[in-house]
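It should be emphasised that the depicted structure is a prediction, and the values quoted were computed from it without experimental measurement.
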Amino acid sequence: MDLVGVSEIREMLGNVSRQRASVIANQRNFPEPVAVLAMGKVWRKSDVEAWIREHRPELAGD
């Protein structure tokens, strides 16, 4: 299972700022993290990719 944190999510969103990536990741419609570690929340990469395809199709690259 590939996992991503906010740093990877910001890159997946087109290199938005870390703060903007955090705001997006905390939206109600964003996938739930699979774990909360000392370094922060982590998500399944596939869940984030699916969210991007649905909510930010211009970034999906499909």
Side-chain angles (χ1 to χ4, degrees):
M1 169 180 8
D2 286 336
L3 299 175
V4 295
V6 171
S7 292
E8 293 82 11
I9 291 170
R10 68 176 287 280
E11 291 174 13
M12 294 169 74
L13 292 169
N15 290 317
V16 299
S17 70
R18 187 171 176 82
Q19 181 179 2
R20 179 69 182 138
S22 293
V23 167
I24 291 169
N26 285 315
Q27 292 178 352
R28 266 188 258 132
N29 68 353
F30 200 78
E32 288 293 316
V34 294
V36 180
L37 308 174
M39 54 75 66
K41 298 174 184 176
V42 291
W43 293 262
R44 283 183 195 88
K45 185 176 183 181
S46 59
D47 291 347
V48 176
E49 289 169 336
W51 184 90
I52 289 172
R53 280 193 301 275
E54 182 177 345
H55 298 278
R56 302 286 197 279
E58 69 279 4
L59 300 174
D62 289 341

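- Looking only at side-chain heavy atoms (C-beta outward), M12 and L59 stay at 4.5 Å or farther from each other.
- By the neighbour-count criterion of 12 heavy atoms within 6.0 Å, atom CD of E32 is sparsely surrounded, having that number or fewer from other residues, nucleotides or ligands.
- Remark: side-chain polar atoms of R10 are paired, donor with acceptor, to backbone N or O of V16 under 3.5 angstrom.
- Applying the side-chain hydrogen bond (donor to acceptor under 3.5 Å, both in side chains) rule to N26 yields the partners K41; only residues at least two apart in sequence or on another chain are considered.
- Under the 4.5 Å side-chain criterion, counting only non-hydrogen atoms from C-beta, D2 is not in contact with W43.
- In the displayed structure, Q19 atom CD is contacted under 6.0 Å by at most 12 heavy atoms of other residues, nucleotides or ligands.
- Counting heavy atoms from C-beta on, the side chains of I24 and I9 never come closer than 4.5 Å.
- With sequence neighbours excluded, the residues that form a side-chain hydrogen bond (donor to acceptor under 3.5 Å, both in side chains) with R18 are S7.
- You'll find the side chain of F30 reaches within 4.5 Å of the side chain of V48, heavy atoms only.
- The heavy-atom pair separating D47 from P31 by the smallest distance is O-CG, 3.6 Å.
- For V34, the side chain to side chain contact (heavy atoms under 4.5 Å, CB included) test picks out L3, V42, R44, with sequence neighbours left out.
- Looking at E11, its side chain never comes within 3.5 Å of a backbone N or O of E8 through a donor-acceptor pair.
- From I52, atom CD1 reaches atom CD of E58 across 9.5 Å, with rounding to the nearest 0.5 Å.
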